[in-house]
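One structure is given below, encoded as structure tokens.
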Amino acid sequence: MKAPTPASWAYAETFVPEDEVLARARARADALGFPTIAPGAGAVLGVVAAALRARAVVEIGTGTGVSGVYLLRGMPADGVLTTIDVEVENQRAAREAFAEAGIRPNRTRMIPGRALEVLPRLTDGAYDLVLLEAGTLDVEEHLEQAVRLLRPGGAVAVNNALYRDRVADPAQRDPITTSIRELGKAVRDHKQLLPAMLPSGGGLLLAVKR
């Protein structure tokens, strides 16, 4: 099995070009000092949302709205994104991105707070897609909540699931890498989930709830 060359990977990552809305949202993220989802992974999320005709989506980590724009553009016109972030400043920046993208305010529900305090208040089996962000030590608990929230046939996506090329290297055993590696095993072995790992962006782990 031959791995893609760096040129092929870069070509795939930029195959779907980003517009000025996404460029400005990325610039706001740079100004606030945190990373955003890679273009290739964002494009995949949009396709998944469209394929599922996802009318109800949960996102953990609003950021400045980059992933949210991708999701909302893939969702039907009446779809609603529930997005959770501990930083109110991030959500203000995301609102700006959504407005620039022409997304109606009633299509987003922004909830400030810690995910593990917010997720238990959401309805069982009511969501088509849940987006998690790898890189936190409690991401396995996020997965448990995601499976509960999903309807049968819904999907969970984990961004940054290869974590800086560290997850595939067994010699890398820092707490975050180990946590993400264990999360991957939990998804792969979960009796209710049908998984696949994509190398898009920093790794995109997808699984459909049976």
Side-chain angles (χ1 to χ4, degrees), residues 29 34-38 40-49 52 54 56-72 74-75 80-87 90-91 94 108-151 153-164 166-167 175-190 192-209:
F34 62 84
T36 57
I37 193 167
V44 171
L45 286 179
V47 169
V48 171
L52 291 171
V57 176
V58 175
E59 172 189 46
I60 297 175
T62 308
T64 56
V66 175
S67 53
V69 169
Y70 274 111
L71 287 165
L72 286 157
M75 295 163 65
V80 175
L81 172 67
T82 298
T83 181
I84 304 163
D85 202 299
V86 293
E87 298 292 342
N90 291 352
Q91 294 189 325
T108 58
R109 179 171 61 150
M110 295 194 185
I111 304 177
R114 293 183 63 251
L116 289 178
E117 295 173 357
V118 175
L119 292 172
R121 305 202 301 263
L122 304 182
T123 304
D124 293 11
Y127 295 89
D128 304 296
L129 176 61
V130 178
L131 173 61
L132 312 180
E133 179 67 36
T136 64
L137 295 178
D138 51 8
V139 71
E140 281 196 67
E141 296 173 80
H142 293 172
L143 174 66
E144 293 175 13
Q145 290 293 327
V147 174
R148 177 185 65 80
L149 294 175
L150 287 172
R151 63 166 174 83
V156 58
V158 183
N159 182 47
N160 205 22
L162 296 175
Y163 194 58
R164 304 172 184 172
R166 298 173 69 87
V167 170
I176 290 181
T177 301
T178 300
S179 174
I180 297 170
R181 193 179 290 127
E182 291 303 314
L183 170 69
K185 293 177 184 177
V187 172
R188 186 182 60 201
D189 298 338
H190 201 292
Q192 288 183 277
L193 298 176
L194 179 67
M197 177 73 79
L198 306 182
S200 300
L204 189 64
L205 176 57
L206 290 172
V208 172
K209 183 176 178 180

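Only this structure's heavy atoms are used, side chains among them; waters, hydrogens and symmetry mates stay out. By convention here, the first residue in the shown sequence is residue 1.
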Test Thr62 against Ile84 for side chain to side chain contact (heavy atoms under 4.5 Å, CB included), laying out the working first. CA-CA 6 Å; Thr62 308; Ile84 304 163; 5.6 Å; no

Test log, rule side chain to side chain contact (heavy atoms under 4.5 Å, CB included), inputs Val44 and Tyr70: CA-CA 9 Å; Val44 171; Tyr70 274 111; over 6 Å; no

I'd like to know whether Val57 forms a side chain to side chain contact (heavy atoms under 4.5 Å, CB included) with Tyr127, so could you lay out the CA-CA distance, the side-chain angles of the two residues, the decisive distance to 0.1 Å, and finally the verdict. CA-CA 6 Å; Val57 176; Tyr127 295 89; over 6 Å; no

Let me see the working for Leu132 and Val156 under side chain to side chain contact (heavy atoms under 4.5 Å, CB included), right down to the final yes or no. CA-CA 7 Å; Leu132 312 180; Val156 58; 4.0 Å; yes

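Thr177 pairs with exactly one of Arg166, Arg164, Glu182 by the side-chain contact (heavy atoms from CB on, under 4.5 Å) rule, that one being Arg166.
The two residues Leu129 and Leu150 come nearest to each other via the heavy atoms N-CD2, 3.7 Å. Minimum interatomic distance between Ala115 and His142 (heavy atoms only, all atoms of both residues): CB-NE2, 3.7 Å. Residues Val167 and Arg181 come closest through the heavy atom pair O-NE, 3.0 Å. The two residues Gly201 and Ala38 make their nearest non-hydrogen contact at CA-CB, 3.4 Å. Between Ala126 and Ala56, the shortest heavy-atom distance links the atoms O-CB, 3.6 Å. Nearest heavy-atom pair, Ala94 versus Gly63, reported as atom, atom and distance to 0.1 Å: CB-O, 3.9 Å.
To the nearest 0.5 angstrom, Asn160 atom CG is 11.5 Å from Leu205 atom CG. Rounded to the nearest 0.5 Å, atoms CD1 (Ile111) and CD (Glu59) are 11.5 Å apart. Taking OG of Ser67 as the start and CD1 of Ile60 as the end, the distance is 11.5 Å to the nearest 0.5 Å. In this structure, Thr36 OG1 and Glu133 CD are separated by 9.5 Å, a value rounded to the nearest 0.5 Å. Distance check: Glu141 CD to Leu119 CG gives 10.5 Å after rounding to the nearest 0.5 Å. Remark: Leu183 CG to Glu140 CD distance equals 6.0 Å, nearest 0.5 Å.
A heavy-atom distance below 4.5 Å is found between the side chains of Val48 and Leu206. The shortest distance between side-chain heavy atoms of Val58 and Leu122 falls below 4.5 Å.
In the model, Asp85 has no side-chain atom that pairs as donor or acceptor with a side-chain atom of Gln91 under 3.5 Å.
Put simply, the side chain of Lys209 never gets that close to the backbone of Gln192: no donor and acceptor are under 3.5 Å apart. A donor-acceptor pair under 3.5 Å links the side-chain atoms of Arg121 to the main chain of Glu117, judged by distance alone.
Partners of Arg151 by side-chain contact (heavy atoms from CB on, under 4.5 Å), not counting sequence neighbours, listed by chain and number: Leu52, Asp128.
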